[in-house]
Amino acid sequence: MRFSSLYAPTLREVPAEAEVASHQLLLRAGFIRKAAGGIYTYLPLAWRVLNKIAQIVREEMDLKGGQEIAMPIVQPAEIWQESGRWSVYGDEMFRLKDRHDRPFCLGPTHEELVTTLVKGDVRSYRQLPLLLYQVQNKYRDEIRPRFGLMRGREFIMKDLYSFDRDEAGLDISYQKMYDAYSRIFERCGLVFRPVEADSGAIGGSGSHEFMVLAASGEAEVVYCSACDFAANTEKAELNPINVPDETALPIQNVATPNCPTIKDVCDYLKLPVEKSVKAVAYTSDKGLILAFVRGDHEVNEVKVINSTDAINIAMATESELLAAGTAPGYMGVLPGKKDVTIIVDTTVMNMHNFVCGADKQDVHCINVNPGRDFQPDIVTDIRMIQEADGCQRCGGNLAKARGIEVGQVFKLRTKYSEKLGAAFLDENGKEQLMVMGCYGIGVSRTMAAAIEQNNDENGIIWPKSIAPYQVAVVPVNAKNEEQFKLAEKVYEELIAQGIETVLDDRAERAGVKFKDADLIGYPLRVTIGPKTVEEGKLEVKARKTGEVVLLDAAAYMEQLKEILAKL
RNA sequence: CGGGGCGUGGCUCAGUUUGGUAGAGCACCUGCCUUGGGAGCAGGGGGUCGCAGGUUCAAAUCCUGCCGCUCCGACCA
């Protein structure tokens with residue numbers, strides 16, 4: 001491709017809307033343009049990168065027996081109503097109506113559609129396992145789209161669905177995908193880590209997220225320094241902390257003036273924080289929810305949501321708390337409140353003689369004991385893991401890192417086959433539900449994550465496997481016939497060898513072309529200018545290391561290929 | 001949802017406080033000159049000042065409403 005005709009409008013200045021590196025660089029280097037909030041046009045360079053990532057994904061999916069299909073983006077409401085998710089999905093779903101007023105949505109995911117598809121065609125265990133996938137746009141009307149392609153409302157996703165005859169089959173499919181995902185992100189040149197994820201409302205074990213490690217990541221992960229445990233902090237399961245038995249003392253109210261925080265109370269009463277219980281109040285479509293954890297712990301909102309039937313939850317307001325019969329800053333576990341769901345962390349149930357709010361301004365209760373003094377509506381693990389908790393598996397030390405979630409694998413089991421009636425006959429002629437899994441990769445997010453992990457002050461540094469072009473050939477002075485002729489010759493020769501190359505044939509000054517080459521991030525740049533042309537040399541510069549090598553202009557190809565191969 | 005900031009040519013922004021002929025740099029077009037890290041000179045094209053009302057002789061500027069973008073918070077009582 002000749003740069004003069006390439007649609008890659010580079011910008012000298014950073015568009016004001018972009019905050020993170022990948023967003024800024026994708027805009028500046030002429031890869032994307034915004035069409036609406038969280039919705040982007042992919043320009044030729046971006047489209048090449050996306051296709052390369054998708055190609056790697058396809059190869060690895062096909063190796064594991066995946067078959068590519070293409071399902072519609074527009075989906076009828078009925079199947080979502082059947083699975084129950086039409087109402088569950090909430091505002092995140094883009095909904096529309098046809099001319100007959102029939103409801104549809106833009107697919108945020110395809111479990112319903114693919115299950116409906118397969119149940120119509122698969123009758124026998126002989127047709128299983130079945131692995132179907134597609135690569136297409138997905139639509140999610142995010143509360144707050146941000147960071148360019150990292151959290152868009154329209155994005156490209158690879159989604160594969162596995163159908164097996166039983167748990168054992170699912171385990172095999174799951175492992176295949178886990179392995180394939182590891183290979184995919186390796187081939188994309190990314191530093192990543194698979195982490196355990198809670199399978200949420202679906203229950204049971206069986207979900208991993210693939211995190212590209214980057215400071216700008218939205219997710220926080222913890223990992224063990226001793227074993228291979230790694231988990232999303234939002235999802236890491238925690239064992240309750242055991243404490244020695246104690247004789248239950250009589251419960252009593254104590255005045256605690258001006259002690260709205262746990263620290264105030266414990267300082268005032270001279271109690272260790274481990275002897276206190278604090279609350280976070282949420283308001284939801286199911287009413288007010290009070291979530292209690294030990295004073296030095298943190299509430300994990302995701303776990304709270306998973307432990308209830310609530311769909312949308314938000315922090316409760318002061319007036320809501322007062323109306324329910326409690327007091328902001330002084331909320332307690334004791335009964336006597338109106339229309340409140342009380343959720344208590346498992347560790348709290350092991351505590352004795354603790355202090356918590358008395359539901360009255362400036363009053364706390366001391367010597368509160370579970371069972372004797374209160375019975376929560378729900379007892380479950382709702383706290384956020386901390387480094388101090390240590391590895392929940394081996395007791396080793398935990399460390400934290402930030403990550404970008406680029407993929408997730410998930411055991412669905414029979415959640416959808418049951419709701420949508422996807423069954424087959426086994427060899428005994430007995431009807432069985434298909435056992436399903438789903439496996440997603442954010443293709444457009446992977447592109448952004450690759451940039452987050454590979455950039456410097458001059459621009460993008462593409463991993464070779466997903467670079468839009470491998471080499472840029474830059475004649476320093478396009479009007480110098482000798483230089484330009486040589487550049488064209490080298491360009492033609494590289495193309496003939498199947499090496500993706502851009503010839504920067506613009507009548508720009510050298511500096512402009514160098515800046516653009518760095519910004520766009522070609523792994524290699526071949527410079528042809530007066531310094532080298534007279535000596536019959538080509539200058540080859542690696543974007544990543546800045547290393548420069550001079551090659552014989554008459555016989556450079558083998559060496560150049562070697563340099564490329566080593567990148 | 002709440003709170004802050006912003007909306008002026010393709011991009012970055014000035015001008016708004018104190019109403020009075022729409023500006024700069026970059027980008028773009030033409031010519032000259034220059035050619036190893038975003039050159040220089042000369043000439044030129046391009047803007048319903050987010051939208052809709054209102055006030056005024058006069059509105060980018062003041063008032064009201066709406067829309068869009070963006071950041072922060074969803075923070076533990």
Side-chain angles (χ1 to χ4, degrees), chain A residues 9-20 23-24 27-28 30 33-39 90-91 143-148 256 258-265 273 276-284 289-305 312-318 320-322 326-332 343 345 356-357 359 361-362 364 382-384 386 457-459 474-484 504 506-519 525-534 539 541 546 548:
Chain A
T10 57
L11 304 173
R12 292 196 182 197
E13 286 175 277
V14 182
E17 69 196 55
E19 198 69 15
V20 297
H23 192 192
Q24 292 181 349
L27 287 167
R28 273 194 66 206
R33 288 293 181 260
K34 184 170 69 180
I39 297 175
D91 294 334
I143 300 177
R144 189 177 155 199
R146 59 181 141 175
F147 302 151
T256 51
N258 301 318
C259 292
T261 73
I262 268 297
K263 189 177 176 303
D264 297 335
V265 176
V273 199
S276 67
V277 166
K278 68 181 177 187
V280 182
Y282 299 98
T283 178
S284 77
I289 297 170
L290 294 189
F292 290 89
V293 294
R294 200 170 81 179
D296 57 328
H297 291 163
E298 302 296 329
V299 171
N300 183 328
E301 199 172 299
V302 171
K303 290 182 180 176
V304 172
I305 296 173
N312 292 312
I313 79 172
M315 297 304 290
T317 62
E318 246 176 62
E320 284 170 320
L321 292 178
L322 294 171
T326 182
Y330 297 88
M331 293 179 288
I343 305 179
D345 183 60
C356 72
D359 297 318
Q361 179 79 30
D362 295 338
H364 276 82
I382 54 163
R383 73 184 177 93
M384 186 73 83
Q386 297 168 342
E457 65 280 5
N458 293 315
V474 179
V476 165
N477 182 348
K479 284 191 184 159
N480 177 309
E481 209 171 307
E482 193 187 357
Q483 282 174 35
F484 197 76
D504 197 339
R506 294 176 298 172
E508 292 286 354
R509 295 163 62 86
V512 173
K513 296 195 241 189
F514 292 157
K515 288 285 185 193
D516 274 344
D518 286 349
L519 184 59
R525 188 183 87 201
V526 176
T527 313
I528 293 167
K531 280 185 189 173
T532 50
V533 128
E534 293 163 17
E539 180 183 301
K541 183 174 183 182
V548 174

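It should be emphasised that the depicted structure is a prediction, and the values quoted were computed from it without experimental measurement. We name chains A, B, ... by the order of the sequence lines, and we start the count at 1 in each one.
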Under 4.0 angstrom, heavy atoms only, what part of the nucleic acid is A/K263 near: base, sugar-phosphate, or nothing? nothing
Rounding to the closest angstrom, what is the interatomic distance between B/C63 and B/C6 at atom P? 14 Å
Describe the nucleic acid contact of A/G529 in one word from base, sugar-phosphate, nothing, applying a heavy-atom distance below 4.0 Å. base
With a 3.5 Å cut-off and just heavy-atom distances, do the side chain of A/E539 and the base of B/G36 make a donor-acceptor pair? yes
Let me know the distance between NZ of A/K515 and P of B/G36, rounded to the nearest Å. 15 Å
Between A/R294 and A/V273, which heavy-atom pair has the shortest distance, and what is it? CG-O, 4.4 Å
For B/G68 and B/G50, measure between their C1' atoms and round to the nearest Å. 7 Å
To the nearest 0.5 Å, how far apart are CG in A/L519 and CZ in A/R28? 5.0 Å
What's the separation between atom CD in A/Q483 and atom OG1 in A/T532, rounded to the nearest 0.5 Å? 7.5 Å
Assign a letter to each nucleotide of nucleotides 71-77 of chain B from its 5' end: B, base within under 4.0 Å of a protein heavy atom; S, sugar-phosphate only; -, no contact. BBBBSBB
Using side-chain contact (heavy atoms from CB on, under 4.5 Å) as the criterion, list what pairs up with A/V299, not counting sequence neighbours. A/V280, A/Y282, A/A291, A/V293, A/V304
Take nucleotides 4-11 of chain B nucleotide by nucleotide from the 5' end and write B, S or -, depending on whether a protein heavy atom sits under 4.0 Å from the base, only from the sugar-phosphate, or from neither. -------B
Take atom C1' in B/C71 and the same atom in B/U16, then report the distance between them in whole Å. 23 Å
Whether the side chain of A/D362 engages the backbone of A/N258 through a donor-acceptor N/O pair (distance < 3.5 Å, no angle test) should be reported. yes
Going by side-chain contact (heavy atoms from CB on, under 4.5 Å), name the residues that satisfy it together with A/Q24, two or more places apart in sequence or in a different chain. A/V14, A/A18
Scan A/K479 against the nucleic acid and name what it touches under 4.0 Å (heavy atoms): base, sugar-phosphate only, or nothing. base
Starting at CD of A/Q24 and ending at C1' of B/U12, how long is that distance when rounded to a whole Å? 13 Å
What contact category does A/R28 fall into here, base, sugar-phosphate, or nothing, at under 4.0 angstrom with non-hydrogen atoms? base
Ring pair (Phe, Tyr, Trp, His ring centres under 6.0 Å) partners of A/H364, counting only residues at least two apart: A/Y330
Look through every strand shown and name the nucleotide pairing with B/G7 as Watson-Crick or G-U wobble, where both distances are under 3.5 Å. B/C67
For A/A281, all residues meeting side-chain contact (heavy atoms from CB on, under 4.5 Å), sequence neighbours excluded: A/L290, A/A316, A/L321, A/M331
Separation of B/U35 P from A/D516 CG (nearest whole Å): 21 Å
Name the pairs: protein N/O against N/O of nucleotides 22-24 of chain B, kept only if under 3.5 Å.
none

Taking CD1 from A/I528 and C1' from B/G37, how many angstroms apart are they, rounded to a whole number? 17 Å
What is the nucleic acid contact for A/P9, judged by heavy atoms within less than 4.0 Å: base, sugar-phosphate only, or nothing? nothing
For A/R33, all residues meeting salt bridge (charged side-chain N to carboxylate O under 4.0 Å, His left out), sequence neighbours excluded: none
Residues two or more places apart in sequence or in another chain: which of them pass salt bridge (charged side-chain N to carboxylate O under 4.0 Å, His left out) with A/E298? A/K278
Under 4.0 Å, heavy atoms only, any strand: does A/T326 hit a base, just the sugar-phosphate, or nothing? nothing
When the C1' atoms of B/A39 and B/C32 are considered, how many whole Å apart are they? 14 Å
Assign A/D518 to base, sugar-phosphate, or nothing according to its heavy-atom contacts below 4.0 angstrom with the strands shown. base
Could you list the residues that satisfy salt bridge (charged side-chain N to carboxylate O under 4.0 Å, His left out) with A/K34, not counting sequence neighbours? A/E17
Selected nucleotide, minimal atom distance to A/V512 side chain, candidates B/G36, B/G38, B/G37: B/G38
Just jot down the side-chain contact (heavy atoms from CB on, under 4.5 Å) partners of A/R509, sequence neighbours excluded, or say none. none
Give a yes/no answer on whether the side chain of A/R509 brings an N or O atom under 4.0 Å of OP1 or OP2 in B/A39. yes
Holding to salt bridge (charged side-chain N to carboxylate O under 4.0 Å, His left out), I want the full list of residues that pass it with A/K531, two or more places apart in sequence or in another chain. none
Sticking with atom C1', work out how far B/A24 lies from B/G15, rounded to a whole angstrom. 10 Å
What contact category does A/R33 fall into here, base, sugar-phosphate, or nothing, at under 4.0 angstrom with non-hydrogen atoms? nothing
